[in-house]
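Here is the structure we will look at.
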Amino acid sequence: MVVTRFAPSPTGYLHIGGARTALFNWLWSRKKKGKFILRIEDTDLKRNTPTAMQQVISDLRWLGIDWDEGPDVGGPNGPYLQSQRKDIYEKYVRKLIDEKKAYYCFDTPEELDAMRQKATAEKSNIVYQRPEKFPDESEVAKAKAEGKSVTVRFVMPAEEIVVKDVIRGEVRFNGAELGDLIILKSDGFPTYNFAVVVDDALMGVTCIMRGQEHLMNTPAQQELWKALGFGDLPQYVHMSVTISQTGGKLSKRERPAALRNVIKKMQDIDFNKLAEAGSITIEQLNSFLDGKTTPDMPNIDAMAKYLGVALPEINVVDFFRSGYLPETMMNFLALLGWSPGDGREIMTAGQLIESFDISRLIKANSLFDRSKLLAFNTEHMRMVPKDKLIVYFREYLKAAESPVIKADDKTLGRLLELCAGARTLADVEKKSRFIFIDSEKIEFDEKAVKKVLLDGDSLLILKGVRDGLACVEPFDEKSVEQMLMTLAQKRNVGLGKIAQPLRVALCGSTISISIFEAVCMLGRENALARLDNTLKKFSR
RNA sequence: GCCCCCAUCGUCUAGUGGCCCAGGACGCCGGGUUCUCAACCCGGCAACAGGGGUUCGACUCCCCUUGGGGGUACCA
């Protein structure tokens, strides 16, 4: 049976690279009717965020990924939080020490740092010098009593280590250059490289699919696996990584970096107000602008909101907030480094599972291209069943705190219909929100007013439109359209000359849903009042 | 510095020695349709990083160069 896993460390929201790794593991387990495990790698106490695990879980669920074993659903191989498996790791560390495959060390971080610096200065490779004789238990007890830090290192065989990778074939490493890695930290927790091996083996993982940034860790993990006597090695699959448009691995750093660039390019920023908006001090802001420190994501987001700039989406939630569908994300991510081979691109989860195969994973890194993502979303907006789309839309509106949320499901459905061909849920919201806000709160786009409202005899035309709307019967989309068409014919102008001024008069901008339908949704009274308002406001 | 991985249109990719003067998709450009935006329809531009081999024949195999990415932690 194929058993795959996704093992994030809970440091924040799930970002797009992690989501892709999770997705491939999930697809493969589903395709092979095997198991998919979610494990949380939280052995670094310093880095863990208390809410991060929940964020990762909800992001995965939003994407449509489920798991057979995990911290929230349980399973026979738990616990699924590494921080709760300390005793298990200790047992295996003990085993290695007893077999002389691992040994105690008493170096302080400062000493190790000095060794590294010396090596860098000499431009030589840093390999830990294994002692002639391994410290025994009495020495350990003594060191502990003296308050020295105690770690455990694995004895790396000084020979060629060949890793068989599904994507890359045989990759050769020199064990002597790898050196003895620490497997148990002085705080008693295992290091990543050790914990992964123990957990993957104990949880029965047969296929390890992860980013190529882990390829260098693999020879050590493989040797550890063998030294621990865990039997058949798992399949290793080191996928290409997703790189960002600015170059480099797609990472959380991109959002702060983008904000920093925006701030530097902008003129007349009140830095005090900006810091206040971001809930940070002016010193912290300056330090951030100098590239020395990075505020937390909520502070970054708050500042971006204050400046009215859109930061590049990096985390799964960013895409949700920008109005993308989970179907889109899954589909698009799956096509980064993989393709079904028959030219199909737009696919449902079912189709992805059906056609997925690790043998078709490609070696080269790929760039995350937002304009193609937008095109994918446009397709999925069309494909998702209407009732499901309404649910998504409502979730989006809620998160965006949009006034459109006041609408009932029927209206939401109608709005979605009217916006057939829209690229994102955000577009639908933008085109319809004017219907749900008070007339006094309509914001007029300066350009639109100048170009459409104050152009020619638009205001005069609007007076005619007003009279027409006042008496058109019945007050429905058809009749309104008919009335406006007749008006256009009478004045011998195109419909655009009538509809555009009306649009700007009612919604303040040149972009909205069908204006005939919008008029009806507003209702006669409302529409007339808003029209009067506008007329009064812009008539000289 | 050292180690590892990678290299087809701007981007995602198809391509496993002849089917390829390289196919699809997004984007872009031109045109059409339209009450706006989007969508839609028609047409167009656009790539095998460079240099050596191997072979009757290389996008496909080998080597070098260049370029890109990753790693080099008591992070994961």
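All values derive from a computational prediction rather than experimental measurement. The analysis underlying the following values was restricted to heavy atoms, covering all of them including side chains, and did not include hydrogens, waters or symmetry mates. Just so it is clear: chains get the letters A, B, ... in the order the sequence lines come, proteins before strands, and each one is counted from 1.
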Closest nucleotide among [options] to the [X] side chain:
{"X": "Arg423(A)", "options": "U13(B), C3(B), G27(B)", "answer": "G27(B)"}
{"X": "Leu215(A)", "options": "U36(B), C5(B), C74(B)", "answer": "C5(B)"}
{"X": "Thr378(A)", "options": "C74(B), A14(B), A39(B)", "answer": "A39(B)"}
{"X": "Ala364(A)", "options": "A76(B), C12(B), A7(B)", "answer": "A7(B)"}
{"X": "Lys372(A)", "options": "C74(B), C5(B), G24(B)", "answer": "G24(B)"}
{"X": "Arg47(A)", "options": "G69(B), A14(B), A76(B)", "answer": "A76(B)"}
{"X": "Asp369(A)", "options": "A76(B), C35(B), C26(B)", "answer": "C26(B)"}
{"X": "Asn365(A)", "options": "C12(B), G69(B), C6(B)", "answer": "G69(B)"}
{"X": "Arg153(A)", "options": "C74(B), A76(B), G71(B)", "answer": "C74(B)"}
{"X": "Phe516(A)", "options": "C37(B), C4(B), C35(B)", "answer": "C35(B)"}

Could you tell me whether [X] contacts a base, only the sugar-phosphate backbone, or nothing, with contacts defined as non-hydrogen atoms closer than 4.0 Å?
{"X": "Leu335(A)", "answer": "sugar-phosphate"}
{"X": "Ala422(A)", "answer": "sugar-phosphate"}
{"X": "Glu345(A)", "answer": "base"}
{"X": "Ser512(A)", "answer": "base"}
{"X": "Gly211(A)", "answer": "nothing"}
{"X": "Leu373(A)", "answer": "nothing"}
{"X": "His214(A)", "answer": "base"}
{"X": "Asn174(A)", "answer": "nothing"}
{"X": "Lys430(A)", "answer": "nothing"}
{"X": "Ser371(A)", "answer": "sugar-phosphate"}
{"X": "Leu336(A)", "answer": "sugar-phosphate"}
{"X": "Ser366(A)", "answer": "sugar-phosphate"}
{"X": "Thr108(A)", "answer": "base"}

Subject >> Of Gly341(A) and Lys363(A), the one whose closest RNA chain B nucleotide lies more 5' >> reply: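 The 5'-side residue here is Lys363(A).
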Original post:
When the nearest nucleotide of RNA chain B is assigned to Ala375(A) and to Ile511(A) on a heavy-atom basis, which residue is associated with the more 5' position?
Top reply: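 Per heavy-atom nearest nucleotide, the more 5' residue is Ala375(A).
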Taking [atom1] from [X] and [atom2] from [N], how many angstroms apart are they, rounded to a whole number?
{"X": "His380(A)", "N": "A25(B)", "atom1": "NE2", "atom2": "P", "value": "16 Å"}
{"X": "Glu213(A)", "N": "A73(B)", "atom1": "CD", "atom2": "C1'", "value": "16 Å"}
{"X": "Phe376(A)", "N": "G24(B)", "atom1": "CZ", "atom2": "C1'", "value": "11 Å"}
{"X": "Phe173(A)", "N": "G70(B)", "atom1": "CZ", "atom2": "P", "value": "16 Å"}
{"X": "Asp44(A)", "N": "A76(B)", "atom1": "CG", "atom2": "C1'", "value": "8 Å"}
{"X": "Met115(A)", "N": "U72(B)", "atom1": "CE", "atom2": "P", "value": "17 Å"}
{"X": "Glu517(A)", "N": "C35(B)", "atom1": "CD", "atom2": "P", "value": "16 Å"}
{"X": "Phe368(A)", "N": "U13(B)", "atom1": "CZ", "atom2": "C1'", "value": "16 Å"}

Does [N] pair with anything, Watson-Crick or G-U wobble, both distances under 3.5 Å, and if so, with which nucleotide?
{"N": "G1(B)", "answer": "U72(B)"}
{"N": "G67(B)", "answer": "C6(B)"}
{"N": "C48(B)", "answer": "none"}
{"N": "C20(B)", "answer": "none"}
{"N": "C35(B)", "answer": "none"}
{"N": "U55(B)", "answer": "none"}

Is the distance from OP1 or OP2 of [N] to the nearest side-chain N or O of [X] less than 4.0 Å?
{"X": "Arg344(A)", "N": "U13(B)", "value": "no"}
{"X": "Lys185(A)", "N": "C75(B)", "value": "yes"}
{"X": "Ser514(A)", "N": "C35(B)", "value": "no"}
{"X": "Thr43(A)", "N": "C75(B)", "value": "no"}
{"X": "Arg168(A)", "N": "G69(B)", "value": "no"}
{"X": "Arg116(A)", "N": "G1(B)", "value": "no"}

Could [X] and [Y] be called an ion pair, given the rule that one side-chain N must be under 4.0 Å from one carboxylate O?
{"X": "Asp200(A)", "Y": "Arg39(A)", "value": "yes"}
{"X": "Asp357(A)", "Y": "Arg360(A)", "value": "no"}
{"X": "Lys372(A)", "Y": "Glu345(A)", "value": "yes"}

Original post:
Using 30° and 60° as the class limits, which term best fits the ring planes of Tyr103(A) and Phe134(A): parallel, tilted or perpendicular?
Top reply: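 Tyr103(A) vs Phe134(A) ring planes: parallel.
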Original post:
Under the salt bridge (Lys or Arg N to Asp or Glu O under 4.0 Å) criterion, do Lys431(A) and Glu429(A) qualify, and how do the steps go?
Top reply: CA-CA 5 Å; Lys431(A) 286 162 88 171; Glu429(A) 195 269 349; over 6 Å; no
Test for a donor-acceptor pair under 3.5 Å between the base of [N] and the side chain of [X], counting only N and O atoms.
{"X": "Asn217(A)", "N": "A76(B)", "result": "yes"}
{"X": "Thr151(A)", "N": "C74(B)", "result": "no"}
{"X": "Ser149(A)", "N": "C74(B)", "result": "yes"}

Nearest non-hydrogen partners of [X] and [Y], listed with the distance:
{"X": "Ala499(A)", "Y": "Ile515(A)", "value": "CB-CG2, 4.1 Å"}
{"X": "Gln482(A)", "Y": "Thr486(A)", "value": "O-OG1, 2.7 Å"}
{"X": "Arg168(A)", "Y": "His238(A)", "value": "NH2-O, 2.8 Å"}

**OP:** Please confirm whether Phe319(A) and Phe368(A) have ring centers closer than 6.0 angstrom.
**Re:**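 Yes, the ring of Phe319(A) comes within the 6.0 Å limit of the ring of Phe368(A), centre to centre.
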Original post:
Expressed in whole Å, how much space separates the C1' atoms belonging to C59(B) and C3(B)?
Top reply: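 It works out to 29 Å between them.
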Subject >> Pairwise C1' distance, U11(B) and G18(B) [rounded to whole Å] >> reply: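 Comparing C1' positions in G18(B) and U11(B) gives a spacing of 30 Å.
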**OP:** Only one of Ile208(A), Val205(A), Ile358(A), Thr4(A) passes side chain to side chain contact (heavy atoms under 4.5 Å, CB included) with Gln235(A); say which it is.
**Re:**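 Per the side chain to side chain contact (heavy atoms under 4.5 Å, CB included) rule, the option paired with Gln235(A) is Ile358(A), out of Ile208(A), Val205(A), Ile358(A), Thr4(A).
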